[in-house]
Amino acid sequence: MIDAETARERVVAAADRLFYARGVQAVGMDAVRDGSGVSLKRIYALFPSKEDLVVAVLRHRTERWNAGIAGAVEGAGTPRERLLAVFDFLADWFREDDFRGCAFINVFGELGSGSARVAEAVREQKASFGRQVADLVRAAGGPDHLAPQLVLLAEGAQTTAAIAHDPGAAAHARAAADTLIRCALGEAEGTAAA
């Protein structure tokens, strides 16, 4: 018998794949059982409700997202390049065969109005991403208003890429971000010089 942590990881990974591919409401717990190899009894011992499992999947996705952004940024050189690396990360993701848009937006659209816990998990991920970008903006010496502008570009690119099946949305968002960054950093440098 597998230990609880391994079982939990298997269930979350299977549910993540299934929910992302089909949507939460279209996936029954029997499909999660089949995908994870963990019995329904054990799944319900680990996750007493489907909502508990959805929240665990969202937390798992948040960790993966944060690690992906951090890895992309880590490989960039200058503070400006680190900001633009966010959009390079998106470009790589949009080209993946199973790309279906932002899992958080997808789940929020399905369940956000009916589950305060799901809505909170989605909001926390979006706030976390905002903080990551704000930290990068501060490190680049940019003004505070730049971070939410860049976040909106990234969020819009995700939605556009999914709906239009256009991975080029990342390149358009990156070009717009580059313009905003140049203007904002020029503004910050001009203010500092004054």
Side-chain angles (χ1 to χ4, degrees), residues 1-75 85-133 151 154-155 157-167 169-170:
M1 178 185 243
I2 60 173
D3 63 85
E5 187 57 33
T6 301
R8 182 179 177 78
E9 288 171 5
R10 284 187 187 177
V11 170
V12 168
D16 184 18
R17 282 190 310 276
L18 291 164
F19 293 164
Y20 188 65
R22 299 188 211 160
V24 174
Q25 294 176 351
V27 174
M29 295 303 276
D30 56 338
V32 175
R33 174 200 60 212
D34 294 346
S36 67
V38 176
S39 72
L40 280 176
K41 182 178 179 182
R42 188 92 185 264
I43 290 172
Y44 280 114
L46 295 166
F47 304 99
S49 70
K50 190 173 184 181
E51 181 185 54
D52 291 325
L53 179 55
V54 172
V55 170
V57 165
L58 292 173
R59 289 186 178 139
H60 170 72
R61 280 232 166 216
T62 298
E63 291 169 8
R64 285 180 46 208
W65 173 269
N66 291 346
I69 293 288
V73 166
E74 187 177 297
V86 170
F87 298 90
D88 297 334
F89 169 78
L90 294 178
D92 290 341
W93 177 39
F94 295 173
R95 286 191 294 272
E96 291 179 6
D97 290 338
D98 67 343
F99 175 73
R100 287 195 61 249
C102 175
F104 300 97
I105 293 170
N106 296 346
V107 171
F108 187 82
E110 272 195 272
L111 307 175
S113 64
S115 170
R117 291 177 61 214
V118 167
E120 180 58 32
V122 172
R123 288 185 184 112
E124 176 49 39
Q125 188 276 330
K126 297 303 178 188
S128 173
F129 177 50
R131 289 189 298 271
Q132 281 181 300
V133 174
V151 168
E155 296 291 349
Q158 292 173 66
T159 303
T160 300
I163 293 171
H165 299 285
D166 179 13

List, one per line, each side-chain donor-acceptor pair under 3.5 Å for residues 90-97, sequence neighbours excluded.
unit_1, atom_1, unit_2, atom_2, d
D92, OD1, R95, NH2, 2.8
R95, NH1, A91, O, 3.4

**Request:** Run the numbers on K126 and F129 for side-chain contact (heavy atoms from CB on, under 4.5 Å), then give the verdict.
**Result:** CA-CA 5 Å; K126 297 303 178 188; F129 177 50; 5.7 Å; no

**Message:** Tell me if a side-chain donor or acceptor on T6 pairs with a main-chain N or O of I2 at a distance below 3.5 Å.
**Reply:** no

**Message:** If we check side chain to side chain contact (heavy atoms under 4.5 Å, CB included) with V57, which of these qualifies: D52, T62, V12?
**Reply:** V12

**Prompt:** Counting only N and O atoms by type, is there a donor-acceptor contact under 3.5 Å from the side chain of E110 to the main-chain atoms of Q25?
**Reply:** yes

**Request:** Step by step, work out the salt bridge (Lys or Arg N to Asp or Glu O under 4.0 Å) result for R10 and E5.
**Result:** CA-CA 9 Å; R10 284 187 187 177; E5 187 57 33; over 6 Å; no

**Message:** Run the ring-ring contact (aromatic ring centres under 6.0 Å, His included) test against F108 and tell me which residues pass, sequence neighbours left out.
**Reply:** none

**Request:** Evaluate the criterion side-chain contact (heavy atoms from CB on, under 4.5 Å) for residue pair R61 and Q125; output intermediate values, then yes/no.
**Result:** CA-CA 9 Å; R61 280 232 166 216; Q125 188 276 330; over 6 Å; no

**Asked** How long is the gap from CD on E9 to CG on D3, to the nearest 0.5 Å?
**Response** 8.0 Å

**Fill in**
Closest non-hydrogen atoms of F19 and V54, given as atom of the first, atom of the second and distance, are CE1-CG2, 3.8 Å

**Item:** Closest contact, heavy atoms only, L40 versus R33
**Value:** CD1-NH1, 3.6 Å

**Prompt:** Step by step, would you call R17 with D98 a salt bridge (Lys or Arg N to Asp or Glu O under 4.0 Å)?
**Reply:** CA-CA 10 Å; R17 282 190 310 276; D98 67 343; over 6 Å; no

**Fill in**
Here the pair of heavy atoms bringing A119 nearest to G112 is CB-O, 3.7 Å

**Message:** Working to the nearest 0.5 angstrom, can you tell me the gap between K50 NZ and S115 OG?
**Reply:** 12.0 Å

**Under 3.5 Å donor-acceptor, N106 side chain and R100 backbone** = yes

**Complete:** Tightest non-hydrogen contact, residues I43 and S36, listed as CD1-OG, 4.1 Å

**Request:** Carefully, step by step, assess E155 and I105 under the rule side-chain contact (heavy atoms from CB on, under 4.5 Å).
**Result:** CA-CA 9 Å; E155 296 291 349; I105 293 170; 3.8 Å; yes

**Item:** For E51, all residues meeting salt bridge (charged side-chain N to carboxylate O under 4.0 Å, His left out), sequence neighbours excluded
**Value:** R117

**Prompt:** Does Y20 reach the main-chain N or O of A103 with its side chain, forming a donor-acceptor pair under 3.5 Å?
**Reply:** no

**Prompt:** Between R42 and F47, is NZ or CZ placed under 6.0 angstrom from the six-membered ring centre and within 45° of the ring axis?
**Reply:** no

**Prompt:** Rounded to the nearest 0.5 Å, what separation is found between the CD atom of E63 and the CZ atom of R59?
**Reply:** 9.5 Å

**Prompt:** If every non-hydrogen atom of A14 is compared with every non-hydrogen atom of G35, which pair is closest and at what distance?
**Reply:** CB-C, 3.6 Å

**Audit row: T159, C102, side-chain contact (heavy atoms from CB on, under 4.5 Å) steps and yes/no** = CA-CA 7 Å; T159 303; C102 175; 6.0 Å; no

